[in-house]
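This report concerns only the one structure given below.
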Amino acid sequence: MRLSQSFIPTMRQDPGEAEVISHRLMLRAGMIRKVATGIYSYLPLGLRVIRKIETIVREEMNRVGAQELLLPILSPAELWKETDRWDFYGKELVRLQDRHDRDFCLGPTHEEVITDLFRREVRSYRQLPLTLYQIQTKFRDEIRPRFGLMRSREFIMKDAYSFDRDEAGAQQNYQRMYDAYCRIFSRTGLQFRPVEADTGLIGGISSHEFMVLANTGEELIVFDPDSPYAANVERAEVVPPPAQEPSELKPLEKVSTPNAKSVEDLCALLNIEASRVVKTLFYQTAEDTITGVLIRGDHQANEIKIQRFLGLHDLTLASPELVAKITTAPVGFVGPVGLSHVRILADNAIAALTDFIVGGNEPDVHLLNVNATRDFAVHDWGDFRQAQAGDPSPRTGNPLQTARGIEVGHIFLLGTKYSEKMGATFLDAGGDSHPVIMGCYGIGIGRIAAAAIEQNHDEKGICWPMPIAPYQAQILPVTSSEAVRLASEQLYDELCQHNIEVLLDDRNERGGVKFNDADMIGTPYHIIIGDKGLARNTLEIKDRKTGEKVLLPPDQVTAWIKNAVTQELVRSKRKEKE
RNA sequence: CGGGGCGUAGCGCAGCCCGGUAGCGCGCCUGCUUUGGGAGCAGGAUGUCGGAGGUUCAAAUCCUCUCGCCCCGACCA
């Protein structure tokens, strides 16, 4: 491609709208342009990257026997009503009506559509197992789209669905996908980590997320540095602390704590550690009913765990009004003592605490030397808090560490959740009908591109890993003589003939402009052609990432580049075999 | 959904408080010179000041409404 004829609108200045590096660089390198909040056009350069990622994903999907199809973007409300997701999905589901006022939505995911296809077409166990996938644009009306392609409302996703006749087969399929995902992310040149994840409302038996490690990641994970254990904090189990030896308990005591509404206030006022405080969170669990959850002051409640324990799907904190009505105390001063009419759950950490501090159920009062059982009843003990750095690993007991990650893939073993609701069944060898066992497997294509930039850039711009680079080499004629022009043209032809994806910067620009654009775009190899070099019969090849330079006679450049590109592509493929 | 901020030339911004000819830098066009890390000189084009309504002799500027965008938060007591 000749830059003079290409549509690669690079920007000299940082656009005001972009926060994170990947978003800024995608805009500046002319890869994407915004159309509306969370909605982007992919310009030629961006599309090339997307296509390369898609190709890798396709190769690995096909390799594990998944077959590609394409489901529609628009799907009828009826299917979504069958699984109740028409209501559950909430505002994130983009709904619209056709001219006959029939309800439709833009697919945020395709379990319903694929399950419908399955139940119409598949009858017999002989047709199983079956894995289908597509690469399709999805729509989710995110609360707050941000960071460019990282969290957008319209995005490209690879979604695969597996159908098995039994649990063992489904597990096998799940494992095959897990392995395929590892290969995909290795091949795209990303540093990633599979982590145990919550199955969320999608439900099911097991789930893993694939996290690209990056400080700008929106997800928090905990990992055990000495074992493969890693989990999303939403999911990570917290090991209960060892039981305490019974000891002499101090008598309950009231203390005046004016305006100390938060744990922080209270600690400052009483000069104590947050770990001595127990906060009482109230969730509305039915109309006019609240459930209290006791969490140590320095811990964070994990609503997903509480939700799962209570068997609810939308847990919300009770309003201050409701809390005040039921407990007769203002929020900030509510505690479990004397609240026998409210169901109280307590996090396991509380069991190891004695003589702690809770709200006193009157304004500006807290209680000291409170002890569970002696002073109040706990209805249920459990793991209700979020894991944090330093907690013991559930596998080895070593202290866990935390890291930020970008979720680029998520796999679920669904079980029969959708097949049962939608009547997707098959007949076994004995003629009995069973709901098919499903799995679903997603990869954010655009998000991989963004994550790759987060991991591979410097102050000058992007440093693409070879397998997903939009172009493999870029020729920079940095002086304007006829000799340089001819040498550039000749090299360009040669590289094209050898199937190297090459950009020729034939614009009438000064060297500096070309250097800066090439660095920003991030082509892995830059070939610099100038009069100085030609006089010595050399061209300069620069490795974008390392900055290393090689001087070569013009007639050796093509072979060198061809070899280097091939090596890098082979290396990325080999990595996944290890 | 709540709070804050911003919409002025393709991009980045000033002007708005205190109403009176719409500006700056970059980019763009023409010409000449230049050409190994975002060139110099000369000349030039470009705006429904996000939109609607209002106040006023006069509105980018004041008032009301509206749309779009950005950031933070969305209940951890």
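The chains referred to below are lettered A, B, ... by the order of the sequence lines, with proteins before strands, and numbering in each begins at 1.
- For B:C16 and B:C76, the C1' atoms lie 43 Å apart once the distance is rounded to whole Å.
- Among the heavy atoms of the strands lying under 4.0 Å from A:Thr37 are primed sugar atoms or P, OP1, OP2 only; no base atom is included.
- For the pair A:Asp505 CG and B:G38 C1', the computed distance is 12 Å after rounding to whole Å.
- A salt bridge between A:Glu154 and A:Arg140 is absent, with no side-chain N of the basic residue lying under 4.0 Å from a carboxylate O of the acidic one.
- Between A:Phe309 and A:Trp381, a ring centre-to-centre spacing not shorter than 6.0 Å is recorded.
- The CD1 atom of A:Ile290 sits 15 Å away from the P atom of B:C76 (whole-angstrom rounding).
- Nucleotide B:C76 holds its P atom 16 Å from the CG atom of A:Leu294, rounded to whole Å.
- Ion pairing between A:Asp505 and A:Arg507 holds under the 4.0 Å rule for side-chain N and carboxylate O.
- One C1' atom belongs to B:G12, the other to B:G7, and the distance between them is 14 Å to the nearest Å.
- A:Gly533 comes within 4.0 angstrom of a base, heavy atoms only.
- In summary, A:Glu142 and A:Arg151 engage in a salt bridge, as defined by a charged side-chain N under 4.0 Å from a carboxylate O.
- Taking only side-chain nitrogens and oxygens, A:Ser481 never comes nearer than 4.0 Å to OP1 or OP2 of B:U35.
- Under the 4.0 Å criterion applied to side-chain N and carboxylate O atoms, A:Lys254 and A:Glu362 are assigned as salt-bridge partners.
- With hydrogens and angles ignored, a donor-acceptor pair under 3.5 angstrom links the side chain of A:Gln13 to the base of B:G25.
- Looking at heavy-atom distances under 4.0 Å, A:Val263 makes contact with sugar-phosphate atoms alone, never a base.
- Atom-to-atom, CG of A:Asp347 to P of B:C76 comes out at 18 Å; the value is rounded to the nearest Å.
- Between the P atom of B:G37 and the NZ atom of A:Lys532 lies a distance of 7 Å, rounded to the nearest Å.
- Using a cut-off of 4.0 Å between Lys/Arg side-chain N and Asp/Glu carboxylate O, A:Arg385 and A:Glu303 are scored as not salt-bridged.
- As judged by a 4.0 angstrom heavy-atom cut-off over every strand, A:Lys34 is placed among residues touching the sugar-phosphate backbone only.
- The nearest heavy atom of RNA chain B to A:Tyr283 and to A:Leu534 marks one nucleotide each, and the one closer to the 5' end goes with A:Leu534.
- Ionic pairing of A:Arg374 and A:Asp355 is not present here: no N-O contact between side-chain nitrogen and carboxylate oxygen is shorter than 4.0 angstrom.
- As a whole-Å value, the separation of A:Tyr40 OH from B:C70 P is 7 Å.
- Distance noted for atom P between B:A59 and B:C49: 12 Å (whole Å).
- Of the P atoms belonging to B:U46 and B:C29, the separation is 16 Å, rounded to the nearest Å.
- We find that A:Asp298 and A:Arg296 are joined by a salt bridge, their nearest charged nitrogen and carboxylate oxygen being less than 4.0 Å apart.
- B:G51 sits 10 Å from B:G68 when the C1' atoms are compared, rounded to a whole Å.
- Comparing the C1' positions of B:A74 and B:A14 gives a spacing of 36 Å, expressed to the nearest Å.
- Using a 4.0 Å heavy-atom cutoff across all strands shown, A:Gly530 reaches at least one base atom of the nucleic acid.
- Regarding A:Asn508, its CG atom lies at a distance of 16 Å from the C1' atom of B:G27, rounded to whole Å.
- For the pair A:Arg276 and A:Glu273, the salt-bridge criterion is not met [side-chain N within less than 4.0 Å of a carboxylate O].
- With both pairing distances under 3.5 Å, B:U56 is matched to nothing as a Watson-Crick or G-U wobble pair.
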Find every protein N or O atom lying less than 3.5 Å from an N or O atom of nucleotides 1-6 of chain B, and list the pairs.
none

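- One can place CD of A:Glu509 at 13 Å from P of B:G40, the figure rounded to the nearest angstrom.
- Residue A:Ala318 is in base contact, counting any heavy-atom pair closer than 4.0 Å across all strands shown.
- One donor-acceptor pair, N or O on each side, does fall under 3.5 Å between the base of B:G37 and the side chain of A:Asp519.
- Within the nucleic acid shown, A:Gln386 has no heavy atom closer than 4.0 Å to any nucleic acid atom.
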